[in-house]
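For reference, the structure is listed below as structure tokens.
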There are 2 protein chains.
Amino acid sequence: MRRREVRRPTIDDVARKAGVGKATVSAVLNGRSRHARISADTARRVMEAARELEYRPNQLARMLVRRKADILAVVFQRGYFFLSWSSFTAEVMRGVSSAAVELGYDLMLHTRDVTDRGEADVLTDGRIDGALLLRDAGDPLVPELLERGFPFVRFFSKGELPDEPFVDADNVGGGRLATAHLLDLGHRRIAFIRGSDGSTASNDRLAGYLCELESRGVEPDPRLVFPILSPQDVPERLPDLMRRPDRPTALFVWSDDVALACIPVLLDMGLRVPADVSIVGFDSLEVCNRSVPPLTSVRQPVFDMAREATRLLGRLIDGEEPAERRILFPLQLDVRGSTAPCPARTNPSLS
Amino acid sequence: MRRREVRRPTIDDVARKAGVGKATVSAVLNGRSRHARISADTARRVMEAARELEYRPNQLARMLVRRKADILAVVFQRGYFFLSWSSFTAEVMRGVSSAAVELGYDLMLHTRDVTDRGEADVLTDGRIDGALLLRDAGDPLVPELLERGFPFVRFFSKGELPDEPFVDADNVGGGRLATAHLLDLGHRRIAFIRGSDGSTASNDRLAGYLCELESRGVEPDPRLVFPILSPQDVPERLPDLMRRPDRPTALFVWSDDVALACIPVLLDMGLRVPADVSIVGFDSLEVCNRSVPPLTSVRQPVFDMAREATRLLGRLIDGEEPAERRILFPLQLDVRGSTAPCPARTNPSLS
DNA sequence: CCGATTTGCAGAAACGTTTCAGCAAAACCG
DNA sequence: CGGTTTTGCTGAAACGTTTCTGCAAATCGG
């Protein structure tokens, strides 16, 4: 596919052909001319020349001089992006791209394996106007970007630093909601399947779970807080929890993707859902309706949150001082088919 | 987050600080100096100055003058990317990014809603060195790019034009493999669930299915070729096929994602898998092992194919004339638990 | 020790755009 | 009609790199 060495026409070619200066061409093509007022006749000539030459401005040159790339980066936890892509991630990307289209941005995914130090460099090297960050708590990238004054918004995790813009859900409240639902159904041995240590979302949900248990006078059992980080790990890990003699009668799982992976594994162990074990997920993605049984889940407006985060980033890039740079979305519970009253006989803690 | 207006240090600043010309700085930092030979002492001074100033070259300027962006685009069928992201897509991206890292490329996803005409313009505007295309048959973008001499590789679809580089699997062979397996199990009423009309992959698998049926003397029934384009559509569409009195005893489904979505729906209809209905998927992704029952599927080396396509693209960008610019991967069948011998009594076409 | 070669570096051009400052000509005002 | 403002456009500077050309100084060969 030898690259055809026909030089693409430049703005000079258009200017020459139309018999005007290139400043005029630029003004005509960009419309927004503060200084230059263009006569209708000249504009027509320029347009015609551009059309005939099939002129398309070189975006790199534009970006360089305008100091604006019209590109946003989406930065996930290192390695996360392609390792454990999930329905959740897809929904995030849908929300981001929906807003990006409206604001006129393209999206970039950084895949190069860079050191922590290098990561901030890569983001601030001019090719990108701002970044959406889905990163763990205590990430060194965040203070680095903040210090450099590079526009970013953290989403689906809580901002930790003063002045750090973020969009998150009320995960503590969500944790309470799910736990309260299971308690109301009579469950007492409720396990919380948590995610990564660094995930503020998972940690907040855990906090809500503990808080609700205590406020209802149920003693939390630390052995019922059980980490499963990804759907892949479920077949191997979950049986460890469920084969205990005092196994839980309900699972509150930090993510829909993990919760959905639990169902076939439980079935395989001879445990029916929800007759023997109730499950509550988190996010309430569309797939929750398609599982058998449909998954009860705390609804997080993932699409809207991603959208809002992107718009906030847009405002920050434009140099606006948004009234609210820390946005918290409320949560609510979608009760579906995966939760049922606690089966009295199989619960050793009841008698 | 007012953008700190500290000007980033440029190559001039480094040159001044080190007391050398900027050509020297460039030579030192890039190493590969054909013309310039640098003394060890000068190199040290430059490095030191760069470190002290925390100098990071502006990539835009580099890209402009080098006429190289070190960025690859991944271009899916319009709208596909975020609408129906799936395990398959994730695997594709894993393969692409794996090769991209090795070759030193970043990845870009185009999300802006552009017209067909505009799409080629966006790709060739200088921000990107080459593109990986996952597009339907007869896509107007392809001849456009070919004519402009822009480097691209089509993957997971068959190249149609002369000289068009592509990486695909032997889908006809795969279709025969799956169909033969079901025929061997005694099935005669085998449905083929096909994807989009434009998908060469789905069409080739259909061709293989028809070919194998005929070569075994089984009359193909056109009513058993049934389109379901995405997992979301399964609950609504599949019952139409399976409620017929002469319903098929086996499904050969064009994609794992759709095949996996069929299992709960069939269960819901009271049909056991594989006792009542056998299912064969396509791709044999890792998730096939995690379903209940595990999904029999034609294995397509998605990761390797994506990787190979990316490497081919790399060579095309470098202006090499690769020996083979049309790569076809062979397929094989992974028999798992979702296929079983045909149940004689429930198949009206047998007697 | 003299011419030829190599070494080490600097200045300037180039990449293709946007934007700033300027400048004639035309239009306007009293 | 003389001065001010507006109109319509142009040339040059700027963006921050890489790379080409050139040129002294150092080294080498005999």
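Computation of the quantities below employed the complete heavy-atom set of this structure, encompassing side-chain atoms and omitting hydrogens, waters and symmetry-equivalent molecules.
Rounded to a whole Å, the CE atom of A/Met63 is 14 Å from the P atom of D/dG16. Put simply, CZ on A/Arg37 is 10 Å from C1' on D/dT5, counting in whole angstrom units. In this structure, A/Asn58 atom CG and C/dA14 atom P are separated by 17 Å, rounded to whole Å. Between the CD1 atom of B/Ile11 and the C1' atom of C/dA12 there is a distance of 14 Å, given to the nearest Å. In this entry the distance linking CG of B/Leu60 with P of D/dG16 reads 10 Å, nearest Å. The nearest whole Å value for the distance from the NZ atom in A/Lys68 to the C1' atom in D/dA14 is 20 Å. Atom CG in A/Asp13 sits roughly 11 Å away from atom P in C/dC15 (whole-Å rounding). Summarising the geometry, the separation between CD on A/Gln59 and C1' on C/dC15 is reported as 15 Å, rounded to the nearest angstrom.
A 4.5 Å side-chain heavy-atom check between B/Phe166 and B/Arg325 finds every atom pair outside the cut-off.
Comparing B/Ala61 and B/Thr24 along DNA chain C, the residue whose closest nucleotide (by nearest heavy atom) sits nearer the 5' end is B/Thr24.
For B/Val65, whose side chain is taken as the heavy atoms from C-beta onward, the closest listed nucleotide among C/dT17, D/dT19, D/dT18 is D/dT18. Side-chain atoms of A/Ser39 lie closest to D/dG8 of the nucleotides D/dG8, D/dT17, D/dT10. Here the nucleotide nearest the side chain of B/Leu64, chosen from D/dG16, C/dT18, D/dC9, is D/dG16. If you check C/dT19, C/dC9, C/dA10 against the side chain of A/Ala23, the one that comes closest is C/dT19. Proximity note for B/Lys22 (side chain, C-beta onward) versus D/dC15, D/dT18, C/dT17: the nearest is D/dT18. Considering only side-chain atoms of B/Arg67, the nucleotide from C/dC15, D/dT17, C/dT19 that sits closest is C/dC15.
The environment of A/Lys158 atom NZ is sparse: at most 12 non-hydrogen atoms of other residues, nucleotides or ligands sit within 6.0 angstrom.
Checking A/Ser196 against A/Ser199 by side-chain atom types alone, no donor-acceptor pair falls below 3.5 Å.
Among the atoms of the strands shown, base atoms are found under 4.0 Å from some heavy atom of B/Ser26.
Judged by distance alone, the side chain of B/Glu324 and the main-chain N or O of B/Arg326 form a donor-acceptor pair under 3.5 Å. At distances below 3.5 Å, not a single donor-acceptor pair connects side-chain atoms of B/Glu147 with backbone N or O atoms of B/Pro143.
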